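Below: the structure, in structure tokens.
Just so it is clear, the structure is predicted and the values come from calculations on it, not from any experiment.
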There are 2 protein chains.
Amino acid sequence: MSGTPKLDFLFSPKSVAVVLKSGGLGAFFLQQLLDGSFQGRLYCVCGNADEFMGLPCYPSVRDIPGPVDYVIIAVSANQTPEVIRDCAVKGVKAGTLFTAGFSELGTEEGIALEREIVAIARSSGMRLIGPNCMGIYCPGGGLYFSANLPRVPGWFGISSQSGGNAIYLGKMAPRRGAPISKAVSYGNACDINESDLIEYLADDTETKVIGAYIEGIKNGRRFKEVLEKAARAKPTIILKGGATEAGAAVTQSHTASLAGSLRIWDAVIAQTGALQADGIDEMIDLALLFGYMKPPTGRRVGMVGIGGGISVLAADAFEQKNLSLTRLTPAIQARLQDLHPGAGNIYTNPIDTTALFYETDGFRKTIEILDDWDEIDIILLHVPYDILAFLTPEHVRHLAMTEKMIANIEGVRKPVAMLLHCAALKESYELSCDNQEICWKAGIPAFTSIEGCASALDKFIRFHERNAGRG
Amino acid sequence: MSGTPKLDFLFSPKSVAVVLKSGGLGAFFLQQLLDGSFQGRLYCVCGNADEFMGLPCYPSVRDIPGPVDYVIIAVSANQTPEVIRDCAVKGVKAGTLFTAGFSELGTEEGIALEREIVAIARSSGMRLIGPNCMGIYCPGGGLYFSANLPRVPGWFGISSQSGGNAIYLGKMAPRRGAPISKAVSYGNACDINESDLIEYLADDTETKVIGAYIEGIKNGRRFKEVLEKAARAKPTIILKGGATEAGAAVTQSHTASLAGSLRIWDAVIAQTGALQADGIDEMIDLALLFGYMKPPTGRRVGMVGIGGGISVLAADAFEQKNLSLTRLTPAIQARLQDLHPGAGNIYTNPIDTTALFYETDGFRKTIEILDDWDEIDIILLHVPYDILAFLTPEHVRHLAMTEKMIANIEGVRKPVAMLLHCAALKESYELSCDNQEICWKAGIPAFTSIEGCASALDKFIRFHERNAGRG
């Protein structure tokens, strides 16, 4: 692939107009652009108003003096043909329709109205995102579809048929260490659809990992081709909404999507080399692994952390996902016992020594033993917050254990992941968030649940096993 | 069952002695008793010290002037025979051995030492909890085995072979609405074991729901009998640690437990009528259902909340757990459309109307429709925090949607559960915690993940289906 990806113009408009009705939700889109870092020209079209939120208003897009690259449309559905006609005349390149009330209603009128706006846009070559969607979040281009979205561009590219899921990913993925390059919520997909967006993200140099939430697909053959291409280019994680009959009934009303047969779906995705996530948080778990972990040489895990009972449960959860916790040799056990003498420690795998909270030298040596041992492919460190009798969240913060662990894995050759779990108290949850940030800033993926960590690691390793088999 | 349950004396000692070594962790046990609401006499035995943490010290338990009901022992393992001999002479009724370094080491010496202390205790009729454990948390008796434990007595009784898991449950279950009656961490179970504790909790009038974390069992036949009796008396939720080979390897080092065959285990539990949890948080999910939800008449769920994409994913997750989301009739859909006109709403099941954030009258009427309709057995309300573009956590808090929802389900006849999910931001998590409290204080169980909610509801309903079949 060479040159600029086809849809690149969507993400760096020099001028944006927001077409809204007074009292409607469109004002919030304008607010995000005013609050954010949008550097271009910003216009407002709002009925007959002269001014809105401090911006001069124009009666229509046609009346805006300079060129307009991109419009955000948040008027009633029946007003959209006129607005898009104005955009077409003006030569607007693209528009997002926040407006709902089209094919997702399932009515003849709704379907006809959607066809009408597509025809008008096509007449001038204008591209449409939506309708019934949130449009674009692109920190690099200064575009924001929600409050509370980070301003820093990242590497996780999102294509989402659902606006809510796109917003959740836009907030949660960066908080956990997968900042967003571009995220597009595309709703009914009357023009730009899942295949266009995945194709774009595959070509986009800023995007390193693709995540797609899909309710229905517009063209099965093209989708398969695009997904194959995308999965060859970079890790591509798919989350299917409407996998059950009940779910599919909702996709029809949500984005007018026919969810299709799950059996065929699973087979297609497997053939393309893309991965399937089992939920929205697993999509983030997988993104973190692809973002930060190098391919492991196998599925043997060495686990080091604190807590006997929780180590037992972690071992169970990992083994249930076919991750093996290699039994330590008597020689290694003896070395660990020398490093961490005293009762109450466990020298099997997981290794459990409460002393890890206090002393770093023994920790460093423990990690070196695992790093040097051939029978381990991945090192997993875990810090449970609220299982220790004598440590309040303030103590745990003060002990800076995560910071010390991260400092002491410097130079370790094997892939390392962190599990920060068992946060029962509000303060522990806050600390967990802060510690997660320390981890991913040091290039270590951090998980928050045993089961989530085990499932994502299993899928990540299977992905690499399959690629090795193909290579 | 009549009279006081056999082990009741453990939970309301009038006098407690802590036997510790200076600089050891035993001081923290003393601290908890000093900080907490323990109303009885408190003594300290600490080597040759005259005073410790403001308390006068005695050279041994024998030297304490008044009677001593209960001791907490936190000295080195090799000192424990002497301490227990002193206790036996003094006539101490029971003791917890925090001290580790016994049979869990897997050494002949460790096993012999454990046998020795049991023999000494038996000679005087003294009962032992542990060794290698945290002992008792009982807010009613003023006994605390950790910092940050609530002071208010509750109804969830815990028997846990792991100290860490007991502490996590002691903090997390009350925060989520299942406050603790008694929680006992019993480690190696040299004397008092899983069967004794489950039997006690079955008889204990304060305990309404039992949760047991078990790594190994001492006597299979007795365990089965006790569990049958307990499950007949009240909901009994079992979490098995060491269900896999890797997990079982850890239980041996953790609490000297032989985890046994999982196949036999599953069969035994099913026969007794107890429930199995798949993780420590599911144990809490189930406790909340038993604590707050009346038995549903079936598995048909009516779901009302906000967010199209998240409704699709919820529908999928529920159907995968055999909970059916009954399709609404055209007549009901039309009534909902009248209540919540406008585009962007979904009138299938789940029902999705963002207006729920703002207006309560339509919400109340929606709930009445579902409550009156015969094709729904359970009503599930859900509030996702970070999927809405225009609402910051501060807005969501200000809108008091959970409070309004709870106020508006007053008088509803069908069982109701709440799902408070998609908290990406720290502030949303805090709000979720506050909202959970509002729910359970109003008698509504609140869940925090779609999958967790679906899995617990499925098990809860299966439990009642099975009981109906038996009854």
Side-chain angles (χ1 to χ4, degrees), chain A residues 25 28 77 100-101 134 145-148 162 164-165 167-168 171-172 175 213 215 241-247 249-251 253-254 279-280 307-313 315-316 318-320 324-325 327 343-344 346-348 350 384 386-390 392 422 424-426 429-430 433 451, chain B residues 25 28 77 100-101 132 134 145-148 162 164-165 167-168 171-172 175 213 215 241-247 249-251 253-254 279-280 307-313 315-316 318-320 325 327 343-344 346-348 350 384 386-390 392 422 424-426 429-430 433 451:
Chain A
L25 288 167
F28 291 97
M134 300 305 299
F145 56 38
S146 166
N148 293 113
S162 150
N165 290 353
I167 293 168
Y168 179 74
K171 293 176 185 171
M172 193 58 153
R175 193 187 73 50
Y213 170 75
E215 296 191 348
T244 63
E245 207 183 310
V250 194
T251 64
S253 300
H254 182 222
I280 197 158
I310 212 71
S311 289
V312 170
L313 294 176
D316 284 341
F318 271 60
E319 190 154 304
Q320 273 155 9
S324 65
L325 292 146
R327 285 258 205 164
I346 298 179
Y347 311 109
T348 53
D386 286 317
I387 68 154
L388 287 152
F390 313 126
T392 62
C422 299
L425 306 169
K426 278 183 192 176
Y429 182 83
E430 271 202 47
C433 291
E451 293 79 11
Chain B
L25 287 166
F28 292 97
N132 184 24
M134 299 305 298
F145 56 38
S146 166
N148 293 114
S162 150
N165 291 353
I167 292 167
Y168 179 74
K171 293 176 186 171
M172 192 60 152
R175 192 187 74 48
Y213 170 76
E215 296 192 346
T244 63
E245 207 183 310
V250 193
T251 64
S253 299
H254 183 221
I280 198 158
I310 212 70
S311 289
V312 171
L313 294 176
D316 284 341
F318 271 62
E319 189 154 305
Q320 274 156 8
L325 292 146
R327 285 254 208 169
I346 298 179
Y347 311 109
T348 54
D386 285 317
I387 67 153
L388 287 152
F390 313 126
T392 61
C422 298
L425 306 169
K426 278 183 193 176
Y429 182 83
E430 269 202 47
C433 291
E451 293 79 10

Closest non-hydrogen atom pair, G309(B) against E215(A):
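Closest pair (atom of G309(B), atom of E215(A), distance): CA-OE2, 3.9 Å.
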Could you check whether any side-chain N or O of D386(A) sits under 3.5 Å from a backbone N or O of Y168(B), counting only pairs where one atom can act as donor and the other as acceptor?
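Not a single qualifying donor-acceptor pair exists.
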Short question: side chain of E319(B), backbone of A246(A) - any donor-acceptor pair under 3.5 Å?
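Yes; judged by distance alone, with no hydrogens or angles, the pair exists.
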Among L325(B), L313(B), T392(B), which has the most heavy-atom pairs under 4.5 Å with chain A?
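Going by pairs under 4.5 Å, I would pick L313(B).
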Quick check for you: among [options], which has the greatest number of heavy-atom pairs under 4.5 Å with chain B?
options: A389(A), S162(A), G279(A); value: A389(A)
options: A315(A), A424(A), C422(A); value: A424(A)
options: E430(A), K171(A), M172(A); value: K171(A)

Distance (rounded to the nearest 0.5 Å) between [X] [atom1] and [Y] [atom2]:
X: K426(B); Y: R175(A); atom1: NZ; atom2: CZ; answer: 8.0 Å
X: T244(A); Y: D316(B); atom1: OG1; atom2: CG; answer: 4.0 Å
X: L425(A); Y: N148(B); atom1: CG; atom2: CG; answer: 5.0 Å
X: L388(A); Y: L25(B); atom1: CG; atom2: CG; answer: 10.0 Å

side-chain contact (heavy atoms from CB on, under 4.5 Å) involving E451(A) - partner list, sequence neighbours excluded
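E451(A) satisfies side-chain contact (heavy atoms from CB on, under 4.5 Å) with S449(A) only.
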side-chain contact (heavy atoms from CB on, under 4.5 Å) against A249(A), all qualifying residues, sequence neighbours excluded
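With sequence neighbours excluded, A249(A) shows a side-chain contact (heavy atoms from CB on, under 4.5 Å) to R327(B), given in chain and number order.
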Output, in order, the C-alpha distance, side-chain angles, deciding distance and verdict of side chain to side chain contact (heavy atoms under 4.5 Å, CB included) for V312(B) and N165(A).
CA-CA 10 Å; V312(B) 171; N165(A) 290 353; over 6 Å; no
With a 4.5 angstrom heavy-atom cut-off, could you sort out which part of Y213(A) is near chain B: side chain, backbone, both or neither?
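Only the side chain of Y213(A) comes within 4.5 Å of chain B.
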